[in-house]
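These numbers come from the heavy atoms of this one structure, side chains and all, not from hydrogens, waters or symmetry mates.
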Amino acid sequence: MFSNINNQINIIPANKTFSRGYRLDPSQYNVITERIIIKAKTAGIPTPTMDELNCIESIYLPNRFSRNYTGDSNIGTPMLGTSTMLNMRLPKTSRIFTDKQKDADKLFIQPNDILVSRSGTVGTSVLCGKSYEGFIASDHCLRVRINDKYRGYIAAYLRTKYGFPLLEKDAHGKVIKELVESNIRTLPVILFSEILDDVNDLMYRATNLYDEARSLFDSVEEKLLKCLENYIPKTIQPFQNIVPFSSLHANRLDPHMHDPYTNYLYHATENSKNYVNLCDVASIWGTSRFKRHYLPEDNPNGIGLYSSTDIVRANLFPSKYISRTLNAKDLKNCTIQKDTILVPCSGAYGGVLGHGMLAGASMDGKAVTQHVLRIARKDSTSINLFHYIAAFLCSDKYGYHLITSTRFGKDIPEIDINALNRILVPRIDENDENEIGSLFYQASLLQEEANELENAAIHLIESYYESKTLS
């Protein structure tokens with residue numbers, strides 16, 4: 001056994017390797033994860049493996065397959081990866097042909113699947129609802145199907161600070177860590193039968209609310225398309241490198257600033273004579289770069305810093321924590337208020353860059369990284385108009401193209417704030433604007449409500465473990 005568990009002296013008995021596939025990877029005997037299990041067993045908490053719990057209906061991990069991308073958002077099947085599976089708004093632009101794919105029907109995500117990242121950032125997971133129907137998951141996602149009795153509990157447990165490290169430690173590989181099916185089956189489950197039904201209920205309710213929120217976001221897109229149908233081209237013409245000066249809508253000659261789709265949208269708005277300049281109705285700003293003094297999540301001096309990836313997730317939580325004291329001045333500049341539009345302003349095009357969201361009450365007073373631009377309502381702008389503007393800017397068919405066309409930089413593109421100020425937002429019938437803005441705002445509220453329920457389920461398991469192991 002461990003001679004000193006707090007100082008990470010990894011002295012282990014040989015028989016422990018028998019139950020771990022004779023593996024001597026240091027991560028297999030990490031002191032933190034060993035402590036989790038030892039404390040549970042000492043407190044008499046059941047820790048059956050997933051197989052012993054008899055909760056698994058099936059686990060499917062496809063062989064690696066070649067991806068024949070369609071290059072067209074109107075054909076093919078949308079595919080989610082280990083990162084995008086966690087997003088609030090599931091991207092539909094990355095599509096592949098599946099008609100000649102072997103066992104293509106098995107690639108489709110089913111409602112109630114738990115998707116688990118098996119490589120890269122291993123162990124991240126999500127409980128899928130009906131909004132995942134029609135999507136396929138990449139070959140980096142394990143599809144774990146759990147019976148009704150334990151599904152919600154297992155989904156929450158995998159997200160806890162106890163379940164996640166116990167799964168993550170089993171990843172193998174020198175350069176790129178990977179999980180396999182047996183790692184799921186042998187995962188110890190810290191089981192509290194007395195809260196099983198409560199956790200299940202919270203997770204199922206959260207999943208249903210995420211589905212409702214995504215449905216409303218889709219309704220926003222449909223309503224915008226109905227009202228602004230003539231603002232986007234019916235067909236995309238081949239890119240032409242000859243651009244007349246009369247068609248330039250910026251003083252830069254970057255090709256992506258004048259692609260046919262964005263050019264059409266910009267000039268259609270301009271020619272309508274019924275629009276507002278974004279800078280006239282909203283204030284746009286960013287924050288300067290600063291040195292971050294990182295701390296562990298459980299450090300009382302730590303405070304969460306939301307990254308550009310964090311803000312596009314369904315569950316809004318910070319992935320990094322920094323010092324309240326050493327970063328006090330920087331945190332003051334990074335803090336946001338509710339009803340602020342947040343737009344990731346740096347990173348690879350095709351990733352989170354340009355995909356905005358509306359911060360709600362749960363984000364009020366939170367710190368957001370300098371890689372996110374802020375867009376806030378001016379006093380003279382009504383809240384209804386601002387919510388419509390938020391819906392337009394966060395739209396995949398409209399605002400996203402206008403925002404990302406302002407990017408500059410070869411290796412790591414960044415969005416140009418000055419160019420963003422000149423974005424034109426088309427005005428439509430006031431009733432339509434109010435309806436679109438209201439739908440978008442309601443979707444954001446549903447997302448926050450789902451967050452509260454999901455986090456309550458996770459914290460319930462964590463607090464039970466802590467109360468049992470401390471007594």
Would N315 and N455 count as having a side-chain donor-acceptor pair, cut-off 3.5 Å?
yes
Would you please name every residue forming a side-chain contact (heavy atoms from CB on, under 4.5 Å) with F108, sequence neighbours left out?
T77, I136
Is atom CD of E57 surrounded by more than 12 heavy atoms (other residues, nucleotides or ligands) closer than 6.0 Å?
yes
Tell me, yes or no, whether the heavy-atom count around E270 atom CD, taken from other residues, nucleotides or ligands under 6.0 Å, exceeds 12.
yes
Can you tell me if S319 and D310 form a side-chain donor-acceptor pair at under 3.5 Å?
yes
Would you list the pairs meeting ring-ring contact (aromatic ring centres under 6.0 Å, His included) in which at least one residue belongs to residues 322-375, sequence neighbours left out?
H355-Y400
Look at atom CG of N63 and say whether more than 12 heavy atoms of other residues, nucleotides or ligands are closer to it than 6.0 Å.
no
Could you tell me if R118 and T124 have a donor-acceptor pair between their side chains, going purely by distance under 3.5 Å?
no
We want to know whether E178 and S119 form a side-chain donor-acceptor pair, criterion being a heavy-atom distance below 3.5 angstrom.
no
Is the number of heavy atoms from other residues, nucleotides or ligands under 6.0 Å of I383 CD1 greater than 12?
yes
Heavy-atom donor-acceptor pair, R374 side chain to S283 backbone, under 3.5 Å
no
State whether K397 and E221 are salt-bridged, where the test is any N-O pair (Lys NZ or Arg NE/NH1/NH2 against Asp/Glu carboxylate O) under 4.0 Å.
no
With a 3.5 Å cut-off and no angle check, do the side chains of S215 and D218 form a donor-acceptor pair?
no
Do R205 and E452 sit within salt-bridge range, that is, some charged N less than 4.0 Å from a carboxylate O?
no
Quick one: are F217 and Q442 in side-chain contact, heavy atoms under 4.5 Å?
no
Rounded to the nearest 0.5 Å, what separates atom OH in Y306 from atom CG in L342?
11.0 Å
Checking the side chain of K338 only, and the main-chain atoms of G365 only, is there a donor and an acceptor separated by less than 3.5 Å?
no
Answer yes or no: is there an ion pair linking K320 with E297, defined by an N-O contact shorter than 4.0 Å?
no
Any salt bridge linking E414 with R289? Criterion: basic side-chain nitrogen under 4.0 Å from a carboxylate oxygen.
yes
side-chain hydrogen bond (donor to acceptor under 3.5 Å, both in side chains) assessment of T160 paired with E462
CA-CA 7 Å; T160 65; E462 292 177 344; 5.0 Å; no
What I'd like to find out is whether the side chain of R159 reaches to under 4.5 Å of the side chain of I458, using heavy atoms alone.
yes
State, without any angle test, whether Q370 and R292 hold a side-chain donor-acceptor pair at a distance under 3.5 Å.
yes
Counting only heavy atoms not in K226 (residues, nucleotides, ligands), do more than 12 fall under 6.0 Å from its NZ?
no
Do T93 and D396 pair up side chain to side chain, a donor and an acceptor below 3.5 Å, judged on atom types alone?
no
Out of curiosity, F440 CZ to Y388 OH, how far, rounded to the nearest 0.5 Å?
12.5 Å
Is there side-chain contact between H293 and N327, with heavy atoms separated by less than 4.5 Å?
yes
Please evaluate residues F392 and L402 with respect to the criterion side-chain contact (heavy atoms from CB on, under 4.5 Å), reporting the C-alpha separation (whole Å), side-chain torsions for both, the decisive distance (0.1 Å), and the verdict.
CA-CA 10 Å; F392 178 83; L402 292 171; 3.8 Å; yes
Working to the nearest 0.5 angstrom, can you tell me the gap between L224 CG and I436 CD1?
4.0 Å
Distance in Å, I341 CD1 paired with L373 CG, rounded so as to fall on 0.5 Å steps:
11.5 Å
Could you verify whether a donor N or O on one side chain and an acceptor N or O on the other, from Y60 and Q110, lie under 3.5 Å apart?
no
T84 side chain to G81 backbone, donor-acceptor under 3.5 Å:
yes
How many angstroms lie between OG in S131 and CD in E133, if you round to the nearest 0.5 Å?
9.0 Å
So, taking the atom named CG in N271 and the one named CG in N230, what distance separates them when rounded to the nearest 0.5 Å?
12.5 Å
List the residues meeting salt bridge (charged side-chain N to carboxylate O under 4.0 Å, His left out) with D432, not counting sequence neighbours, and say none if there are none.
K223
Do N112 and R145 pair up side chain to side chain, a donor and an acceptor below 3.5 Å, judged on atom types alone?
no
